[in-house]
Asker: 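What follows is a single structure, and I will ask about it in a moment.
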Amino acid sequence: MSRQARQLEYREANRRAILDAALEQFVAQGYGQASLRGIAARAGFSPASIYAYFASKDDIFFALAEEGFRLLGASSMACTTTSPDPLDDVRAMIWRVYEFSKEQPEYFALVFLDRHVPRISREYEGFAFISEMKARMLSQIQRCIVHGSLPPGTDPQAAMRLLSAPVLGIAAMRLSNRLGPGEDADVLARTALDLVLTGLRHHAPALHP
């Protein structure tokens, strides 16, 4: 291995250590309470040395958010199919978001639950794949309208919001231990998704009155 390759490997290992430490701190303490000093201590660095890799705590968050959304995008792509009833494909894509909350709970908590993190819109040009993921979902919903699985006049954006809201909410309840004894988050999420799908089949939602 060349010297340059070793240096790159060394930098990447350090960067990974910082990101892993930051993710732990953000989830455990909340983004607002986590500090660069605490992240540095967790990663085994001096506070000043972190600036060789990230300019600020916000930059660390954006790097982690990009990783999280790429993982979510990859998992949603894996379930893109063309079922006879396109509504089944929409169901599968929404369910993958719920599964993501179980497979990657730290990333899910960071990008969906922490109210104090920077707005993604500040760095939106770095998150074009989010737009692509949403576009795929909206395209599938539009396919449902054309196919007749959803009524004419359905607003795809409104349908997407209605489908994702209960699933995200139940995932958040599970992660924050807000469910009661004996309540099964998976059953609740599936039931909520089924109820919304049933409602959408018989009513065309709109974002505005």
Side-chain angles (χ1 to χ4, degrees), residues 64-115 117 119-176 178-179 183-209:
L64 287 169
E66 181 175 359
E67 287 186 347
F69 280 119
R70 286 195 184 281
L71 288 169
L72 176 56
S75 66
S76 67
M77 278 294 291
C79 69
T80 301
T81 59
T82 52
S83 301
D85 184 346
L87 209 53
D88 290 338
D89 298 333
V90 171
R91 180 200 299 271
M93 292 181 73
I94 294 293
W95 190 251
R96 281 305 301 159
V97 177
Y98 178 76
E99 290 184 325
F100 175 76
S101 77
K102 298 174 68 175
E103 296 165 0
Q104 303 288 345
E106 294 86 3
Y107 284 108
F108 182 89
L110 180 66
V111 298
F112 285 110
L113 303 185
D114 195 330
R115 294 178 298 172
V117 298
R119 289 181 61 84
I120 294 296
S121 57
R122 285 180 47 189
E123 299 287 334
Y124 202 75
E125 65 276 7
F127 294 88
F129 50 90
I130 300 176
S131 295
E132 294 169 3
M133 187 170 62
K134 288 182 177 179
R136 288 197 304 272
M137 173 61 71
L138 293 173
S139 177
Q140 288 280 35
I141 293 173
Q142 185 62 45
R143 181 169 162 251
C144 291
I145 298 169
V146 173
H147 180 268
S149 299
L150 293 178
T154 294
D155 185 321
Q157 184 80 13
M160 182 177 69
R161 295 291 189 195
L162 289 168
L163 286 164
S164 60
V167 172
L168 292 174
I170 292 168
M173 291 173 67
R174 182 182 61 79
L175 286 174
S176 56
R178 294 292 192 272
L179 295 174
E183 290 184 316
D184 189 315
D186 291 8
V187 172
L188 287 173
R190 286 191 184 280
T191 301
L193 186 54
D194 287 343
L195 287 172
V196 174
L197 287 169
T198 298
L200 289 175
R201 287 182 185 273
H202 298 94
H203 178 72
L207 283 177
H208 306 287

Asker: Do you know the tightest heavy-atom contact between His147 and Pro84?
Answerer: NE2-O, 3.2 Å

Asker: Residues in ring-ring contact (aromatic ring centres under 6.0 Å, His included) with Phe112, at least two apart?
Answerer: Phe108

Asker: Is Val90 close to Cys144 at the side-chain level, that is, under 4.5 Å between some pair of heavy atoms?
Answerer: yes

Asker: How close do Pro86 and Ser149 get, counting heavy atoms only, and between which atoms?
Answerer: CD-OG, 3.8 Å

Asker: Once rounded to the nearest 0.5 Å, what's the spacing between atom CD1 of Ile94 and atom CG of Leu162?
Answerer: 10.5 Å

Asker: How many angstroms lie between atom CG of Asp155 and atom CD of Gln142, to the nearest 0.5 angstrom?
Answerer: 9.5 Å

Asker: Assess whether side-chain contact (heavy atoms from CB on, under 4.5 Å) is satisfied between Val117 and Val111, documenting all intermediate values.
Answerer: CA-CA 8 Å; Val117 298; Val111 298; over 6 Å; no

Asker: How about Leu200 and Leu87: do any of their side-chain heavy atoms sit closer than 4.5 Å?
Answerer: no

Asker: For Ala185 and Ile170, which heavy atoms make the closest approach, and how far apart are they?
Answerer: O-CG2, 3.6 Å

Asker: Mind jotting down which residue pairs meet the side chain to side chain donor-acceptor pair (under 3.5 Å) criterion with at least one end in residues 188-199? Sequence neighbours excluded, please.
Answerer: Arg91-Asp194

Asker: Can you name the closest pair of heavy atoms from Leu163 and Val167 and give their distance?
Answerer: O-CG2, 3.7 Å

Asker: Which pair of non-hydrogen atoms, one from Thr154 and one from Ile145, has the smallest distance, and what is that distance?
Answerer: O-CD1, 3.5 Å

Asker: Please list all pairs passing the side chain to side chain donor-acceptor pair (under 3.5 Å) test where one or both residues lie in residues 159-174, with sequence neighbours left out.
Answerer: Ser101-Arg174

Asker: Any salt bridge between Glu99 and Arg96, counting N to O under 4.0 Å?
Answerer: yes

Asker: Atom CD in Glu67, atom CD in Gln104: separation rounded to 0.5 Å?
Answerer: 9.5 Å

Asker: Do Arg143 and Asp89 have side-chain heavy atoms sitting under 4.5 Å apart?
Answerer: yes

Asker: Check step by step if side-chain contact (heavy atoms from CB on, under 4.5 Å) holds for Lys102 and Asp186.
Answerer: CA-CA 10 Å; Lys102 298 174 68 175; Asp186 291 8; 2.8 Å; yes

Asker: Quick one: do Arg70 and Glu66 make a salt bridge, cutoff under 4.0 Å?
Answerer: yes

Asker: Do Gln157 and Ile141 come within less than 4.5 Å of each other through their side chains, counting heavy atoms only?
Answerer: no

